[in-house]
Amino acid sequence: MTMEETLIDKTREFVIERLKNSESGHDWLHIERVFQNALQLCQNIACDRTLVLITVLLHDLNDSKFNAGREDEILVEIKAFLQKNGLSKTRIEAVETIIQTMSFRHSFEAQTEKSIEFQIVQDADRLDAIGAVGIARAFSYGGYKGRLFYADDQASTQHQSSASYQNSKAATINHFYEKLLLLKDQMNTAQAKKLAENRHQFMLQFLAQFEAEKTGKA
Ligand code: ADP
Ligand code: NI
């Protein structure tokens, strides 16, 4: 095993342990799917593959939705782990930049230029937010938060700020209009754009069928 493969394996162990009791949409299986997506994207793009894979494994550990108030503490723990396992300072900084700024809520802020590794990790994660899996994840998170499936008296909001997006308590169907249907056009790499297209169409089909069943038309 090369040093880099050992680091990936160790990171995997570090993450599995910490995601034991997580919500189904943000659990180890999510990380595994994003890992597969990233491997696929890496095949055709010149990049620091190890950096991409390590960042994918770590990317949700300090998600503020599940770790409010502990985000910084977890980040310190992640950096100490990487340092202990011999990752260079520059690469640790790169991991930090990606996990701290790649999430959708940051897309409302001014964007600095994204490295290719950043672009791949973000696309790999966003692909898992759309399509059939994306639908499952949205309803899982909605259930976890006690949200309604839909609320006909509630219009969807086109959020203009991170705060407005994060404070939304909207029904899960609204989340499709507030985020999931927007992701296709926010993909960075050509390959992810193509994969996103199919998944996007599937969500549209789902939403049309949902509406038809709800109103007795199907
Ligand atoms: P990001 O980190 O890019 O902001 P999130 O972690 O907020 O993304 O979202 C990941 C997934 O969690 C979403 O793609 C969706 O499946 C689910 N999710 C997040 N917020 C909501 C919500 N308000 N309603 C339904 N699902 C949600
Ligand atoms: Ni994620």
Side-chain angles (χ1 to χ4, degrees), residues 11-12 15-16 18-19 22-38 41 52-68 71 74-75 78 95 97-109 111 114 118-151 154-188 192 195-196 199-200 202-203 206-207 210:
T11 310
R12 201 178 261 125
V15 174
I16 290 176
R18 283 163 179 76
L19 287 180
S22 42
E23 178 267 320
S24 322
H26 293 79
D27 60 359
W28 173 247
L29 296 175
H30 163 62
I31 304 299
E32 273 190 326
R33 289 189 303 269
V34 180
F35 193 89
Q36 288 306 321
N37 293 342
L41 295 175
V52 166
L53 299 178
I54 287 172
T55 311
V56 161
L57 291 171
L58 296 166
H59 84 272
D60 268 338
L61 282 188
N62 74 338
D63 187 328
S64 57
K65 291 194 296 311
F66 307 103
N67 302 288
E71 300 95 322
I74 298 169
L75 186 66
I78 290 173
V95 172
T97 303
I98 303 174
I99 65 180
Q100 290 293 83
T101 53
M102 74 168 211
S103 85
F104 182 77
R105 71 194 149 87
H106 290 288
S107 63
F108 301 99
E109 296 150 17
Q111 304 275 302
K114 300 174 194 168
F118 188 135
Q119 296 182 34
I120 293 174
V121 178
Q122 190 172 50
D123 282 0
D125 188 37
R126 287 184 169 175
L127 282 170
D128 204 56
I130 59 178
V133 168
I135 295 169
R137 290 183 72 215
F139 285 98
S140 169
Y141 184 77
Y144 172 81
K145 298 292 272 185
R147 306 264 164 83
L148 295 170
F149 278 1
Y150 56 88
Q154 211 178 74
S156 294
T157 318
Q158 291 307 309
H159 298 288
Q160 303 297 331
S161 75
S162 171
S164 149
Y165 171 71
Q166 284 181 277
N167 293 331
S168 169
K169 296 200 168 30
T172 302
I173 284 287
N174 288 12
H175 190 64
F176 286 79
Y177 300 95
E178 297 181 4
K179 173 183 175 190
L180 305 185
L181 293 173
L182 310 178
L183 292 179
K184 162 177 86 71
D185 294 327
Q186 296 187 10
M187 293 293 166
N188 304 299
L195 290 166
R199 295 182 185 214
H200 183 83
F202 188 83
M203 288 194 294
F206 166 80
L207 290 167
F210 192 97

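We count ligands from 1, going down the list as the structure has it; atoms in each ligand are counted the same way. What you are looking at is a predicted structure, and each value in this text was computed from that prediction instead of being measured.
Within ligand 1, the atoms closer than 4.0 Å to a non-hydrogen atom of Arg105 are 4 (O), numbered from 1 in the order shown. Listed by atom number, the atoms of ligand 1 under 4.0 Å from Asp63 heavy atoms are 6 (O). Every atom of ligand 1 is numbered from 1 in the order shown, and the set under 4.0 Å from a heavy atom of His26 is 6 (O), 9 (O), 10 (C), 11 (C), 12 (O). Less than 4.0 angstrom separates some heavy atom of Ala129 from each of these atoms of ligand 1: 14 (O).
Nearest protein heavy-atom contact of atom 24 (N) of ligand 1 is His175 CG, 3.4 Å. For atom 2 (O) of ligand 1, the closest heavy atom belonging to the protein is Ser103 CB, 3.0 Å. Looking only at heavy atoms of the protein, atom 16 (O) of ligand 1 is closest to Ala138 N, 3.4 Å. Among all protein heavy atoms, the one lying closest to atom 27 (C) of ligand 1 is Tyr141 CD2, 3.1 Å.
Between His26 and His59, the gap from one ring centroid to the other reaches at least 6.0 Å. For Phe206 and Phe202, the ring centers sit 6.0 Å or farther from each other.
The closest side-chain heavy-atom distance from Gln166 to Ser162 is below 4.5 Å. The closest side-chain heavy-atom distance from His106 to Gln122 is not below 4.5 Å. Side-chain contact between Tyr144 and Phe66 is present, with at least one heavy-atom pair separated by less than 4.5 Å. Considering only heavy atoms from C-beta on, Leu148 stays 4.5 Å or farther from Thr172 through its side chain. Looking at heavy atoms from C-beta onward, Leu127 lies in side-chain contact with Met187 at the 4.5 angstrom threshold. Using a 4.5 Å heavy-atom cutoff, the side chains of Ile99 and Leu75 are in contact. A heavy-atom distance below 4.5 Å is not found between the side chains of Lys179 and His159.
The closest side-chain donor-acceptor pair between Asn67 and Asn62, if any, does not fall under 3.5 angstrom. No hydrogens or angles considered: nothing links the side chains of Ser107 and Gln111 as a donor-acceptor pair under 3.5 Å.
Taking only non-hydrogen atoms, the option from Lys65, Met102, His59 nearest to atom 6 (O) of ligand 1 is Lys65.
The shortest N/O to N/O separation between Lys179 and ligand 1 falls below 3.5 Å. Where the criterion is an N or O separation shorter than 3.5 Å, residue side chain and backbone included, Phe104 meets it with respect to ligand 1. By the 3.5 Å distance cut-off applied to N or O atoms, Arg147 is counted among the residues near ligand 1.
When Asp125, Ile98, Val34, Thr11 are each tested for a side chain to side chain contact (heavy atoms under 4.5 Å, CB included) with Val56, only one passes: Val34.
For Asp125, the nearest N, O or S atom to the Ni ion (ligand 2) falls under 2.8 Å. The Ni ion (ligand 2) has no N, O or S atom of Asp63 inside 2.8 Å of it.
Under 4.0 angstrom from ligand 1, there are no non-hydrogen atoms of Lys145. When non-hydrogen atoms are compared, ligand 1 lies under 4.0 Å from the backbone of Arg137 as well as from its side chain. When heavy-atom distances to ligand 1 are checked against a 4.0 Å cut-off, Tyr165 comes that close only through its side chain, counted from C-beta outward. Heavy atoms of Asp60 found under 4.0 angstrom from ligand 1: none, in either backbone or side chain.
In this structure, Leu180 counts as a contact residue of ligand 1, since one of its heavy atoms falls inside 4.0 Å of the ligand. Ligand 1 is never approached by Glu178 to a heavy-atom distance shorter than 4.0 Å.
Counting just the N/O/S atoms of Asp60, the one with the shortest distance to the Ni ion (ligand 2) is named OD2. If you look at His30 and ask which of its N, O or S atoms sits nearest the Ni ion (ligand 2), the answer is NE2.
Not a single donor-acceptor pair under 3.5 Å links the side chain of Glu178 to the backbone N or O of Gln158.
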